[in-house]
Number of protein chains: 2
Amino acid sequence: MTDDTTRSETEVLIMEATYAALRRHGYADLSVAQIADEFKKSKSLLYYHYDSKDDLIAAFLSFAADQFMADIEAVTAAEEPVATVRTLVDHLLTVESREMRDGQRMIIELRGQAVSEPRFRERFTRVDDRLRERIRSALAAGVERGVFDAEIDPEDTAGMLYAALTGAMVQQHTADGDPTEAVRRMIHRRLDRLVVD
Amino acid sequence: MTDDTTRSETEVLIMEATYAALRRHGYADLSVAQIADEFKKSKSLLYYHYDSKDDLIAAFLSFAADQFMADIEAVTAAEEPVATVRTLVDHLLTVESREMRDGQRMIIELRGQAVSEPRFRERFTRVDDRLRERIRSALAAGVERGVFDAEIDPEDTAGMLYAALTGAMVQQHTADGDPTEAVRRMIHRRLDRLVVD
DNA sequence: GTCTATAGAAAGATAGAC
DNA sequence: GTCTATCTTTCTATAGAC
């Protein structure tokens, strides 16, 4: 279900080295040599496992997407509708550690590349669809159970919320000043009002 | 006010060549040679006018930001509060020509680079601040004149709206499926409700 | 200001041994 | 599967003439 292409032990090590290299250098001027530097074994071994640099990065994006989605599923599993949305919002907008910050920065930078890299775009499409659907289904379930105002359109509302989350993350990492708190407040306030007392 | 560094005729030609090269090749593997190819004069002349490639690109980003903001000001000039926000939303979410699409893609791609390029980040900070402020002041003016519900917090609301706009644009150009219509509908609907009858 | 020519560095990728 | 060594291309940037 998670499209986990089977990854050998070495391949997992390569993915981790790629992660480390991306954290350290960013994507813009990431070289295969830099990835190899984060890797116990040799540079040419990377070419044994992947046909090209682009191939390797595309594989990494799948790897990262798998990890990210598993993380999300774990956090929001088995919560009721309102809590699911709130948790998701807080999870996406919170940067508690340097590791999380670097991880998000990496994603934002790679996302920019998806403009012209079809393989990247494909992975982001997948993640977007799943997150949006997660919000939509929570909203729909809420309406069905009578906890949310029946006036809302779960599809559009989910699209709007997820766009706001994406935009806040992008702005946070590509401009000074942090818009995430305003967005978080607005969404929680909105949820308060949507809940039928 | 617009921080227009004075640009010589040749420099404007270089900016236009850079724009053409970015449209054609994207930022990811843009070379100075490719910029020169869109330019009547020689490659080395680029280095006479700019110290380095990064310098040239940073200058281009200022140039593009100036154009973009002038465009926005022109479209929203002298409109009343509600119309200003509606026009801004439609303007940012509408892609009517190939030129507009390419322009937006270019911005999104460059924005990804702002993660690790301080000079890029600085430019995006400026544009973000101005657009957010434009929305905020329109909302505040609307409240003051009694056309908007006095309950809203113009600052946070502007942050939320602008985040949604940014997110919709980013998603539109970095994933398949177009979330802009949902976001546009939601915002206009929201504005309908905010207007005190 | 503008050109041609090229230096110098770095990158992606492969050859071939073990 | 993994290594070392290296080929080849491409790129940024400069030198030096006009």
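Atom set for the values below is all heavy atoms of this structure, side chains included, hydrogens, waters and symmetry mates excluded. Chain letters run A, B, ... following the sequence lines, proteins first, then strands; residues in each count from 1.
At dT14(C), none of the side-chain N or O atoms of Tyr47(A) fall inside 4.0 Å of OP1 or OP2 (strictly under the cut-off).
Salt-bridge check for Asp192(B) with Arg86(B): passed, with a basic side-chain N closer than 4.0 Å to an acidic carboxylate O. For the pair Arg119(B) and Glu122(B), the salt-bridge criterion is not met [side-chain N within less than 4.0 Å of a carboxylate O].
For the pair Lys43(A) and His49(A), both in contact range of DNA chain D, the more 5′-proximal nearest nucleotide belongs to His49(A). Toward the 5′ end of DNA chain C lies the nearest nucleotide of Phe39(B), the other residue of the pair Phe39(B) and Ala33(A) mapping further downstream.
For Ser31(B), the side-chain atoms get nearest to dC11(D) when compared with the rest of dT2(C), dC11(D), dG12(C). Comparing dA13(D), dT2(C), dT2(D) by their closest approach to the side chain of Ser52(B) singles out dA13(D).
Within 4.0 Å of Ser42(B), counting heavy atoms only, lies at least one base atom of the nucleic acid. Here Leu30(B) lies in heavy-atom contact (under 4.0 Å) with sugar-phosphate atoms only.
Of the N and O atoms on the side chains of Ser52(B) and Asp54(B), not one donor lies less than 3.5 Å from an acceptor on the other residue.
Going from atom CG of Asp29(A) over to atom P of dG12(C) covers 10 Å, rounded to whole Å. When the P atom of dT4(C) is taken as reference, atom CG of Leu46(B) falls 13 Å away, rounded to whole Å. When rounded to the nearest whole Å, the span between NZ of Lys41(B) and P of dT2(C) equals 4 Å. Distance, Tyr27(A) OH to dA11(C) P: 14 Å, rounded to whole Å. We find that CG of Leu45(B) is positioned 6 Å from P of dC3(C), with the value rounded to whole Å. The NE2 atom of His25(A) sits 10 Å away from the P atom of dA11(C) (whole-angstrom rounding). A straight line from NZ of Lys53(A) to C1' of dT14(C) spans 17 Å, rounded to a whole angstrom. Residue Asp55(B) contributes atom CG, which lies 11 Å from atom P of dT14(D) at whole-angstrom precision.
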Show me the donor-acceptor pairs, under 3.5 Å and distance only, between side chains in residues 160-168 of chain B and residues at least two apart or in other chains.
from: Tyr162(B); atom 1: OH; to: Asp128(B); atom 2: OD1; distance (Å): 2.7
from: Thr166(B); atom 1: OG1; to: Gln171(A); atom 2: NE2; distance (Å): 2.7
from: Thr166(B); atom 1: OG1; to: Tyr162(B); atom 2: O; distance (Å): 2.9

Under 3.5 Å between N/O atoms: give me all the protein pairs with nucleotides 15-18 of chain C, atom names plus distance.
none

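Within 6.0 Å of the CD atom in Glu79(A), the count of heavy atoms belonging to other residues, nucleotides or ligands exceeds 12.
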request  = Quick one: do Asp37(B) and Arg24(B) satisfy salt bridge (charged side-chain N to carboxylate O under 4.0 Å, His left out)? Show the steps, please.
outcome  = CA-CA 11 Å; Asp37(B) 286 344; Arg24(B) 196 188 303 278; over 6 Å; no

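With Thr94(A) contributing its side chain and His91(A) its backbone, the two residues share no donor-acceptor pair below 3.5 Å.
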